[in-house]
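So the structure is just underneath, and the comments pick up after that.
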Amino acid sequence: MALMTAAAWAVGTENVQPALVNDTSRVVDLDEVVVVPQPKEGFSLRQQCMNSTAFTSNELNRLEIRNLSQLADYVPSFAMPQYGSRLTSSMYIRGIGSRVNNSAIGIYYDHIPLMSKSAFNTHFYMIDRVDVLRGPQGTLYGANTEGGIVRVYSKNPMNYQGTDINISAGSAFTRKAEVAHFYRPSDKLGLMVAGFYNGQDGFFYNNNLEEYNDKMDEAGAKLRLVWKPKQHLTLDLTSDYQYTNQNGFAYGLYDADNDETAKPSTTTMNSYRRQMVNTGLNITYDMPSLILNSTTSHQYLWDRMNMDQDYVVADYMRLQQQQKMNALTQELVLRSKSTGGWQHTTGVFGSYQWLHTDAPVFFGDEMGSFIMTQWGMPAAVASMLSFQNNWVPGDFHTPQLNLAAYHESNLWLNDRLKITLGLRYDYDQVKIDYNTSAKFDLAVNARGTVTTHSYLSQLASEQKDSYHQLLPKIGFTYSLCEEGCNVFAVVSKGYRAGGYNIQMFSEIFQTEERALGSQLSSMMTADYTVEHTAEQLENINKTISYEPEESWNYEMGLHLNLFDHKLKVDASAFYTQIRNQQLSVMGRDYGYGRMMVNAGKSRSCGIELALRGQAFDDHLSWAATYSYTRATFKEYTDSVSTSEGYKAVDYKDKFVPFIPQHQFSANADYHFDIKDDVLHGITIGANVKGQGKTYWEANNEQYQKFYATLGAHLTFNFGKLDVDIWGRNITGTKYNTFLVNSALTQQSFAQQGLPFHAGIDVRMHF
């Protein structure tokens, strides 16, 4: 059985029951028969005008995939670096992505669209299939899917019964336990209950705090209830709870000359804590020629992050951010069921998200010294002064409303040529209600007499913006033969929603404080309050807001089934133009530090290739992928600080940061049948994956060179029991997954990739 894909590689239908072939409410695939209801699509993925990849549960187990970051290693043009915690979920597909604010990739869990980017990076378990659709999916899926979407499906108790128990242990005392029971008392009812625990002691030791920066404990539970009260009516309820408590952000000092990253060493331990519950109800009514589907969800997330933002022992600043989110979504989809010359999908979608963020920034003694340096005061005067209670409290409410209506038609122009036409209208409304301030006490020690005076700069306001988008799509699919081979071409539009950049306020206040040198004499004798004019408040509101980002994607590709389906080939070439690109730039126009604005244009082009095959009477299964992405700025001017003030820098034709230029993977498994009452078979497998060059900043001065890591596993099958011994990064390759430059210390800090680690998994089903 092949190691890559299920639905994305669907082949012919000669061995599938006719009832399943003629029912487009279900997508059926050979290799493993995976039946998944699809409310929006009447074709398997390889029959559509897109390139995609899918993984079955067996493939996820063999590749030891437990989250999206690990899965991305085996998907062309898909990168999700491990930045140090479950909070960070930066994803990039085909050169499109974002480190902050709105995601460019959508995540759907059992047809539920996850509304918070902080909920993307979760623990995978009891999964039936995962799909990755590349390229803009805005017509059917809307905002924040301009790079693509990831769809995750949990096991369905109507199709899968029994009890699963998975236990594993490995390096750094990595440990995991998962248990699930799937029960189907009748043809009308199915129930799944599951739970997990996952933890590790850590790989990256903090030299200053004498504790591991990546220590983690997490646990959760999952429920799925499927009820068919009538033949044509199905109710599917899913609820997933996960709790995470971890140290994080193991950023160590980076030595560019020797290409070495030190162990982390910070003032306080970085940490992240999260609780979330995602609950959704899918109702499907199956009519003779149409399928009506309703998806309703409620999503709750609470998290807290503590970060030492200077990454050094000296105490400059730290951030404590808490988020509380509630979101409601509702989608109605009406789709044709027949396999005739016209298949169509029509839908409406609505969501409302409440998000409250409490994000105080605390400044230490070193920041006080830094500010006094900015004031340019003599050393004798500076020695008399000290900062106390220096912090920036921040309270932000940022609700969002999204409404949409869409339609997509697939028309067969003849026996071989199909045209796909789609259009979506999307309406977004974003609001911000903020109350934040900068506070500190300035203590003056004059000949042994200490006087203290307070400083206050307060900002409180609210703002609302709305955006309208039309998202068209046109594609052509030409069938080459009856074996499922086809070529396709597609043009589609995607976009990323606008919003507000609440991280800006600490920069605004720091900029104000650094400019207070002229008011020093007043501050030494009395309290000082900053007054903001209406013009300044208007400029601040401009600083924190940004418009939607838009992209057009042009793509052509093919899907081939060769040698009696023993070899499957998927290839594509793409060209993407991005306008109103959301970039973080220096706010030279308004004078308030860095901000997210629509400052640039870029383009991304590349190729993707995925192969998989079987040989030796299906004892050997193998897969390989390769992608090349060239993402460059076409219009991007920023400002950098110099001794003479701000200086404009043009980054035209520079590579977009965080996008790997080359990505590849290869894996193979060989299965030996053993005729024994106890041992039924042995599987030996290996995998290799690599990526690079990856630039860390727009100036392209620092980068991660191309690297590759090797993995292997040995599985013993005892019927209802599998024992899998595995290893990752066997060669001990050293590489960085992220790098950041500190403007405070003028140093670089990097997150290292995991070193060699190994373990053993025990999987039971009975």
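Numbering of residues begins at 1 and proceeds along the displayed sequence.
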Would you give the length of the straight line joining atom OH of Tyr626 to atom NE2 of His662, rounded to the nearest 0.5 angstrom? 4.5 Å
With a 4.5 Å limit on heavy-atom distance, are the side chains of Arg151 and Tyr141 in contact? yes
Sidechain N-carboxylate O distance under 4.0 Å for Lys40, Glu408: no
Kindly say whether Gly135 contributes a backbone atom to a donor-acceptor pair with the side chain of Gln137 at under 3.5 angstrom? yes
Is there a donor-acceptor contact under 3.5 Å linking the side chains of Arg763 and Asn166? no
Counting only heavy atoms not in Asp415, do more than 12 sit closer than 6.0 Å to its CG atom? no
Is the backbone of Ser154 close enough, under 3.5 Å, to the side chain of Arg224 for a donor and an acceptor to pair up by distance? yes
Treating Thr737 as the side-chain partner and Gln82 as the backbone partner, does any N or O pair qualify as donor plus acceptor under 3.5 Å? yes
Side chains of Asp236 and Thr284: does their closest heavy-atom pair fall under 4.5 Å? no
Any side-chain donor paired with an acceptor under 3.5 Å for Asn410 and Gln343? no
Would you check if the distance from the ring center of His765 to the ring center of Phe182 is below 6.0 Å? no
Phe574 side, atom CZ; Asn51 side, atom CG - distance, nearest 0.5 Å: 10.0 Å
How about NZ on Lys720, more than 12 heavy atoms from neighbouring residues, nucleotides or ligands closer than 6.0 Å, or not? no
To check you understand the geometry: which heavy-atom pair defines the closest contact between Leu114 and Ala119, and what is its length? CD1-O, 3.8 Å
Flag yes if more than 12 heavy atoms outside Met556 fall under 6.0 Å of its CE atom; otherwise flag no. no
Once the angle between the rings of Trp342 and His344 is folded into 0 to 90°, is it parallel (under 30°), tilted (30 to 60°) or perpendicular (over 60°)? tilted
Do Ile127 and Val152 have side chains that get closer than 4.5 Å, going by heavy atoms? yes
Assess, by modelled atom type and distance only, whether the side chains of Thr295 and Asn293 contain a donor and an acceptor separated by less than 3.5 Å. yes
Specify the closest pair of heavy atoms between Thr625 and Ala610, including all atoms of both residues, with the distance to one decimal. CG2-CB, 4.1 Å
Can you see whether Tyr628 has Arg630 sitting over its ring - NZ or CZ less than 6.0 Å from the centre and within 45° of the normal? no
Between Phe672 and Tyr670, does the ring centroid distance fall short of 6.0 Å? yes
Test your reading of the model: is there a side-chain donor-acceptor pair from Thr163 to the backbone of His181, 3.5 Å cut-off? no
How far apart are the C-alpha atoms of Arg62 and Asn687, what are their side-chain angles, what is the distance that settles it, and do they pass the side chain to side chain contact (heavy atoms under 4.5 Å, CB included) test? CA-CA 10 Å; Arg62 281 194 291 267; Asn687 60 78; over 6 Å; no
Check the pair Arg94, Ile659 against side chain to side chain contact (heavy atoms under 4.5 Å, CB included), reporting the backbone distance first and the verdict last. CA-CA 8 Å; Arg94 296 181 173 179; Ile659 310 300; over 6 Å; no
Nearest 0.5 angstrom please: Asp564 CG to Gln614 CD, how far? 10.5 Å
Ring centre gap for His123 and Tyr125 strictly below 6.0 Å: yes
Any side-chain heavy-atom pair of Asp724 and Asn61 under 4.5 Å: no
If only atom types and distance count, is the side chain of Gln704 paired as donor or acceptor with the main-chain N or O of Tyr735 below 3.5 Å? no
For residues Asp669 and His713, is any side-chain donor paired with an opposing acceptor at under 3.5 Å? yes
Please round to the nearest 0.5 Å and tell me the distance separating atom CH2 of Trp726 and atom CD1 of Ile760. 10.5 Å
Return yes if some donor-acceptor pair links the side-chain N/O of Asp131 with the main-chain N/O of Ser52 below 3.5 Å, else return no. no
Are Thr683 and Asn717 close enough that some pair of their side-chain heavy atoms sits under 4.5 Å apart? no
Return yes if a side-chain donor-acceptor contact under 3.5 Å exists between Ser57 and Asp128, otherwise no. no
Check Pro81 against Ser90 and note the closest heavy-atom contact, atom names and distance. CD-O, 3.6 Å
Taking Glu64 for the side chain and Leu60 for the main chain, is one N or O donor matched with an acceptor at less than 3.5 Å? no
Between the side chain of Ser627 and the main-chain N/O of Ser77, is any donor-acceptor distance below 3.5 Å? yes
When you look at Trp227 and Leu237, which way does the side chain to side chain contact (heavy atoms under 4.5 Å, CB included) test go after all the steps? CA-CA 9 Å; Trp227 181 38; Leu237 175 68; over 6 Å; no
Using a 6.0 Å cut-off, check whether atom CG of Asp617 has over 12 heavy atoms from anything other than its own residue. no
Do other residues, nucleotides or ligands put more than 12 heavy atoms under 6.0 Å from Leu480 CG? yes
Considering only NZ, NE, NH1 and NH2 on the basic side and carboxylate oxygens on the acidic side, decide whether Glu59 and Arg612 come within less than 4.0 Å. no
List the steps, then state whether side-chain hydrogen bond (donor to acceptor under 3.5 Å, both in side chains) holds for Ser479 with Asn486. CA-CA 4 Å; Ser479 177; Asn486 59 70; over 6 Å; no
Considering residues, nucleotides and ligands other than His232, do more than 12 of their heavy atoms fall under 6.0 Å from its NE2? no
Please test Ile607 against Leu609 for side chain to side chain contact (heavy atoms under 4.5 Å, CB included), starting from the C-alpha separation and ending with a verdict. CA-CA 7 Å; Ile607 58 172; Leu609 176 65; over 6 Å; no
Met80 side chain near Asn67 side chain, heavy-atom distance below 4.5 Å: no
So which heavy atom on Arg416 is nearest to which on Cys481, and how close? NH1-N, 3.5 Å
Verify, without hydrogens or angle tests, whether Thr733 (side chain) and Ala708 (backbone) share a donor-acceptor contact under 3.5 angstrom. yes
Heavy-atom count around Phe173 CZ within 6.0 Å, excluding the residue itself: above 12? no
Salt bridge flag under 4.0 Å for residues Arg134 and Glu555: no
Distance (rounded to the nearest 0.5 Å) between Lys689 NZ and Gln663 CD: 12.5 Å
Would a 4.5 Å heavy-atom cut-off, applied to side chains only, mark Arg728 and Gln70 as touching? yes
If you look at every heavy atom in Cys485 and Asn561, which pair is closest and at what distance? SG-N, 3.2 Å
Quick one: does Leu68's side chain get under 4.5 Å of Met91's, heavy atoms only? yes
Working to the nearest 0.5 Å, report the span between CG of Asp110 and CG of Asp240. 8.5 Å
Check whether Arg175 reaches the backbone of Ala169 with its side chain - one donor and one acceptor, N or O, closer than 3.5 Å. no
Closest non-hydrogen contact found for Ser168 with Asp761 is CB-OD1, 2.6 Å
Taking the six-membered ring for Trp and the single ring otherwise, decide whether the centroids of Phe55 and Tyr74 are under 6.0 Å apart. no
